[in-house]
There are 2 protein chains.
Amino acid sequence: MKNTSASPAPVRTRDPERTKGQILEAALSEFATNGYDGAKVHQIAKSAGCNARLIYHYFDNKERLYAAALRKIYSDIREREAELNLDALPPEQAVKQLTETTFDFFENNTAFLSITRSENLLGGRFISQMPEIQKMSAPFLDKISDALKRGHAEGVFRAGIDVLQLYVSIVALSAHHINASHTLSATFGRDISSVAWRQERRAHVVEMIQNAVALRESTA
Amino acid sequence: MKNTSASPAPVRTRDPERTKGQILEAALSEFATNGYDGAKVHQIAKSAGCNARLIYHYFDNKERLYAAALRKIYSDIREREAELNLDALPPEQAVKQLTETTFDFFENNTAFLSITRSENLLGGRFISQMPEIQKMSAPFLDKISDALKRGHAEGVFRAGIDVLQLYVSIVALSAHHINASHTLSATFGRDISSVAWRQERRAHVVEMIQNAVALRESTA
DNA sequence: CTCTTAAGTAAATCAAAATTGAATTATTTT
DNA sequence: AAAATAATTCAATTTTGATTTACTTAAGAG
């Protein structure tokens, strides 16, 4: 027998872990799409298929939810980076591999770029509070550094390449056209986000990075 | 004699042009700092030193104010680009000049990058409505294209360089570390926004672009 | 100098969105 | 199986922020 008035049959089965996970997923997507201020708590709840009150139950408030989303997306990256095995490859291949992987990663993880963009708009308010993020990236730079040293020892790379500059460049070349796809497309009247253009870009970026590290005969 | 109750002495002298200008300036700065949703109409008014009602008087609503700010910042760029005289320089110098000017422009016009970032977050909603922006950029690409052709003819640049890819790369290399300064700094534990690092970066970017266009002896 | 217009102000209003209160069970514990 | 816990819901409440109403008055036109 149904209740006379109050309870309209709560369908949702209880599962805190699942719920937390769904909220986090939804938050990630909403923050990525709309930025921090643009994302609405109720919309996140809806997209997570749960009641908005649960967001406060599990994450206290919008700010902490955002922080959790930010932390999660960085830990996803950490995993990818760890997978990358540069030591096994000859230096030239290693740099190529690194470039391609980075390029493809951004292409397939728009959310990372979007969240990052949002976080920079907020002045790094949250990421600066997460010391764990830095610790995970140092070893990655070391890997790249090794490849550069090997390349120089083998006489195929030039000397004195700054790893951080190089890596920032790889990221810049791989990310900017995604971050700025709308304004670039509007400015130059070309569809920057088309598959064709992106394929061209991939080749262009790989070549630029190769030229950046390769020894130039004339200089040698 | 002072009024008994109503008017608490309106200090502001009347000057519609000045007021409009101040509002636009303030809007630019607030939208750049906080993004579209993050910027508050009352704060813009305060920062413009005027009453919030005037924003509606002159710009109708927040959206149109934002559109006006966007239009203004692009027209500022248009001017800079027009000033750049690449034809007068030998091709190698022209490309160097272009790179340095672009790099310096972004460094000194953080607002442009911020507004652009915000606009991309909005999915290009406003810029796609401004056909005038595209028209101004085409001739600029032509200029660069000319320099590349001259360079190839003189035997100092390689063949088949895609102008748009190259220019997007110059912008990417010059802008990304500014757009992402907070997240990059936090990730790598280095102050990406320090003067020292940016000077290093400038040299690095110029060199990368030179390597990208220069004929490589080994290939030739 | 008067009249009209529009620049400017202060204080609502209205709606959206974040956050919270209070009640209702499902599930676990004892 | 009763009691305790905490997952979940619905419906406020409170906050914030965009927009508007109503009024005042400076400045220019005749």
Side-chain angles (χ1 to χ4, degrees), chain A residues 1-27 30-31 33-69 118 122 125-126, chain B residues 1-27 30-31 33-69 118 122 125-126:
Chain A
M1 181 171 48
K2 304 255 177 75
N3 325 43
T4 45
S5 63
S7 59
V11 258
R12 192 182 182 80
T13 57
R14 297 186 175 194
D15 185 343
E17 288 314 310
R18 184 197 45 155
T19 301
K20 262 187 273 190
Q22 286 173 335
I23 291 174
L24 205 51
E25 283 296 320
E30 290 294 322
F31 283 130
T33 310
N34 306 303
Y36 179 76
D37 288 299
K40 308 304 171 192
V41 172
H42 271 88
Q43 180 53 44
I44 293 172
K46 193 185 214 175
S47 134
C50 77
N51 190 286
R53 186 70 179 76
L54 291 179
I55 289 177
Y56 293 90
H57 187 42
Y58 291 116
F59 295 93
D60 293 350
N61 56 39
K62 190 181 178 182
E63 291 209 343
R64 291 203 186 167
L65 176 60
Y66 174 84
S118 168
L122 293 175
R125 188 145 53 108
F126 297 96
Chain B
M1 178 171 49
K2 303 255 176 75
N3 325 43
T4 46
S5 62
S7 59
V11 259
R12 192 182 183 80
T13 55
R14 299 186 173 194
D15 184 342
E17 289 314 311
R18 183 197 46 156
T19 301
K20 263 186 273 189
Q22 286 173 333
I23 291 175
L24 205 50
E25 283 296 320
E30 291 294 324
F31 283 129
T33 310
N34 306 302
Y36 179 77
D37 287 302
K40 310 303 170 193
V41 171
H42 271 90
Q43 180 54 43
I44 293 173
K46 193 185 213 175
S47 135
C50 78
N51 189 286
R53 186 67 180 79
L54 292 179
I55 289 178
Y56 293 90
H57 187 41
Y58 291 116
F59 295 92
D60 294 349
N61 56 39
K62 190 181 178 182
E63 291 209 343
R64 291 204 186 165
L65 175 60
Y66 174 83
S118 168
L122 293 176
R125 189 146 50 110
F126 296 95

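A, B, ... follow the sequence lines: proteins, then strands. Residue 1 opens every chain.
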Under a 4.5 Å cut-off applied to non-hydrogen side-chain atoms, are Arg18(A) and Thr13(A) in contact?
-> yes

The residue, Arg14(A) or Pro16(B), whose nearest nucleotide of DNA chain C is more 5′ is Pro16(B)

Is there a side-chain contact between Val41(B) and Tyr56(B) (heavy atoms, below 4.5 Å)?
-> yes

Shortest non-hydrogen contact from Ser118(A) toward Tyr36(A) | OG-N, 3.4 Å

Over how many whole Å does the gap from His57(B) atom NE2 to dA26(D) atom P extend?
-> 16 Å

Report the nucleotide, chosen from dA18(C), dA18(D), dT8(D), that has the shortest atom-to-atom distance to any side-chain atom of Tyr56(A).
-> dA18(C)

Side chain Arg53(B) and base dT19(D) donor-acceptor under 3.5 Å = no

Atom pair distance, as rounded to whole Å: CD in Glu17(B) and P in dG28(D) | 13 Å

Starting from P on dA22(C), measure out to CG on Asn51(A) and report it in whole angstrom.
-> 17 Å

d(CZ, Arg18(A); C1', dT27(C)) in whole Å | 14 Å

Arg64(B), CZ atom: more than 12 neighbouring heavy atoms under 6.0 Å = no

Distance check: side-chain N/O of Thr19(B) vs OP1/OP2 of dA7(C), anything under 4.0 Å?
-> no

Selected nucleotide, minimal atom distance to Tyr58(A) side chain, candidates dT20(C), dA18(C), dT8(D) | dT8(D)

What integer distance in Å separates Ile55(B):CD1 from dT9(C):P?
-> 12 Å

Which of the following nucleotides, dT19(D), dT27(C), dA18(C), is nearest to the side chain of Lys62(B)?
-> dT19(D)

Specify the separation, in whole Å, of atom CG of Asp37(B) and atom C1' of dA16(C).
-> 12 Å

From the options dA18(C), dA7(D), dT9(C), select the nucleotide whose nearest atom is closest to the side chain of Lys40(A).
-> dA18(C)

What's the CG-C1' distance between Asn34(A) and dA16(C), to the nearest Å?
-> 15 Å

Specify the residue among His42(A) and Gly49(A) whose closest nucleotide of DNA chain D lies further upstream toward the 5′ end.
-> Gly49(A)

Taking the six-membered ring of Phe31(B) (Phe, Tyr or Trp), confirm whether the NZ or CZ of Lys62(B) is under 6.0 Å from its centre and within 45° of its axis.
-> no

d(CD1, Ile44(B); C1', dG17(D)) in whole Å | 12 Å

Looking across every strand, which nucleic acid part, if any, lies under 4.0 Å from Ala39(A) by heavy atom: base, sugar-phosphate, or nothing?
-> sugar-phosphate

